[in-house]
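Start at 1 and go down the list; that is how both ligands and their atoms are numbered. Throughout, numbering of the chain's residues begins at 1 and tracks the sequence. Given the structure is predicted, the values throughout are model-derived calculations rather than measurements.
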Amino acid sequence: MPATFLLAFVGDELVGRTSIRHGLNDFLLAAGGHIGYAVLAQFRRRGFATEILTQSLVVARSYDVGSVLVTCDEDNEASARVITRCGGVLENIVDNPEGGPRKRRYWIG
Ligand SMILES: CC(C)(COP(=O)(O)OP(=O)(O)OC[C@H]1O[C@@H](n2cnc3c(N)ncnc32)[C@H](O)[C@@H]1OP(=O)(O)O)[C@@H](O)C(=O)NCCC(=O)NCCS
């Protein structure tokens, strides 16, 4: 799936990254979602992931993706909070077709 990959900087310091897919294939619809992000360990718990997802949603909407699907591992409390803060509504929790932890699937309208 075509995607936009962006790095997040504060000044000249790299703090995180995001990947914004321009659509969903079967795997992304089932478990991967439109947007994946991460913050470097030393910069966590400062609101950067919330800001990264907020800005990623603007990019996703510029590709007319409609409602945005964002997923995280069932036990990833930090990511679940980020998604909820950004307006995510939990649809369900599903098995990951690739194995590993189950996935929480949220839609942001
Ligand atoms: C998940 C991740 C992106 C969060 O990044 P972050 O910059 O620390 O997140 P924020 O500072 O924006 O925190 C958002 C919320 O999560 C909470 N949080 C952050 N780390 C937490 C932790 N380890 N345990 C519980 N809650 C946590 C914050 O307190 C905050 O809650 P609040 O909004 O109720 O105050 C980061 O931990 C990470 O990169 N993890 C590895 C990759 C990953 O899991 N990516 C997500 C895949 S979908």
Side-chain angles (χ1 to χ4, degrees):
M1 182 60 61
T4 299
F5 179 81
L6 296 171
L7 299 174
F9 288 87
V10 173
D12 58 2
E13 202 144 39
L14 177 68
V15 301
R17 55 98 177 143
T18 181
S19 181
I20 303 140
R21 293 125 201 164
H22 303 172
L24 297 174
N25 57 25
D26 287 348
F27 170 73
L28 294 172
L29 178 63
H34 283 102
I35 299 172
Y37 47 84
V39 170
L40 290 169
Q42 64 269 38
F43 295 109
R44 288 179 189 167
R45 302 201 88 143
R46 299 193 211 170
F48 288 136
T50 305
E51 181 61 26
I52 288 169
L53 181 55
T54 299
Q55 294 193 28
S56 298
L57 289 167
V58 175
V59 176
R61 291 190 179 114
S62 75
Y63 288 97
D64 277 336
V65 297
S67 290
V68 176
L69 179 66
V70 189
T71 70
C72 67
D73 288 352
E74 185 174 20
D75 60 358
N76 191 340
E77 187 184 333
S79 193
R81 290 177 82 114
V82 169
I83 298 166
T84 302
R85 263 186 101 92
C86 290
V89 176
L90 182 67
E91 181 185 3
N92 54 13
I93 303 174
V94 298
D95 289 336
N96 184 343
E98 294 190 330
R102 296 190 343 137
K103 292 281 183 185
R104 303 172 70 91
R105 298 172 69 257
Y106 296 85
W107 291 97
I108 304 176

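By the 4.5 Å heavy-atom criterion applied to side chains, Leu14 and Phe43 are not counted as neighbours. In this structure, the side chains of Cys86 and Leu57 come closer than 4.5 Å at one or more pairs of heavy atoms. For the pair Ile20/Phe5, no side-chain contact is recorded, criterion being any heavy-atom separation below 4.5 Å from C-beta on. The closest side-chain heavy-atom distance from Val68 to Tyr106 is not below 4.5 Å. Between Leu29 and Arg105 the shortest side-chain heavy-atom distance falls below 4.5 Å.
Proximity of Arg45 to ligand 1, defined as any heavy-atom pair under 4.0 Å, is shared by backbone and side chain alike. Here Asn76 has side-chain heavy atoms under 4.0 Å from ligand 1, and that is the only part of it that gets that close. No part of Glu51 comes within 4.0 Å of ligand 1, judged by heavy-atom distances.
Closest to atom 32 (P) of ligand 1, if we only count protein heavy atoms, is Arg85 NH1, 3.5 Å. Among protein heavy atoms, the minimum distance from atom 46 (C) of ligand 1 is reached at Tyr37 O, 3.3 Å. Distance from atom 39 (O) of ligand 1 to its nearest protein heavy atom, with residue and atom name: Val39 N, 2.8 Å. Shortest contact from atom 30 (C) of ligand 1 to any protein heavy atom: Arg81 NE, 4.2 Å. Counting protein heavy atoms only, atom 41 (C) of ligand 1 is closest to Arg44 NH2, 3.4 Å. Shortest contact from atom 11 (O) of ligand 1 to any protein heavy atom: Gly47 N, 2.7 Å. Atom 12 (O) of ligand 1 has Thr50 OG1, 2.7 Å as its closest protein atom, hydrogens excluded (heavy atom only).
A donor-acceptor pair is defined here as one N or O able to donate and one able to accept, closer than 3.5 Å; such a pair exists between the side chain of His34 and the backbone of Leu69. Judged purely by atom type and a 3.5 angstrom limit, Asn96 uses its side chain to pair as donor or acceptor with the backbone of Glu98. Of the possible polar contacts, one joining the Ser62 side chain to the Val59 backbone as a donor-acceptor pair under 3.5 Å is found.
Contact annotation: Ile52 has no heavy atom less than 4.0 Å from any atom of ligand 1.
For atom 27 (C) of ligand 1, a protein heavy-atom neighbour is present inside the 4.0 Å cut-off.
Taking only nitrogen or oxygen atoms, main chain and side chain alike, Val82 does not reach within less than 3.5 Å of ligand 1.
Residues Asp73 and Lys103 are paired through a salt bridge, judged by an N-O separation under 4.0 Å between the basic side chain and the carboxylate. A salt bridge does not link Glu74 to Arg104: none of the charged nitrogens lies less than 4.0 Å from a carboxylate oxygen.
Interface atoms of ligand 1 facing Thr71, defined by a heavy-atom separation under 4.0 Å, are 48 (S). Shown in contact with Ala38 at under 4.0 Å from a heavy atom are these atoms of ligand 1, numbered in order with element: 39 (O), 42 (C).
In this comparison of Ser79, Gly36, Ala49, Ala78, the heavy atom closest to atom 3 (C) of ligand 1 sits on Ala49.
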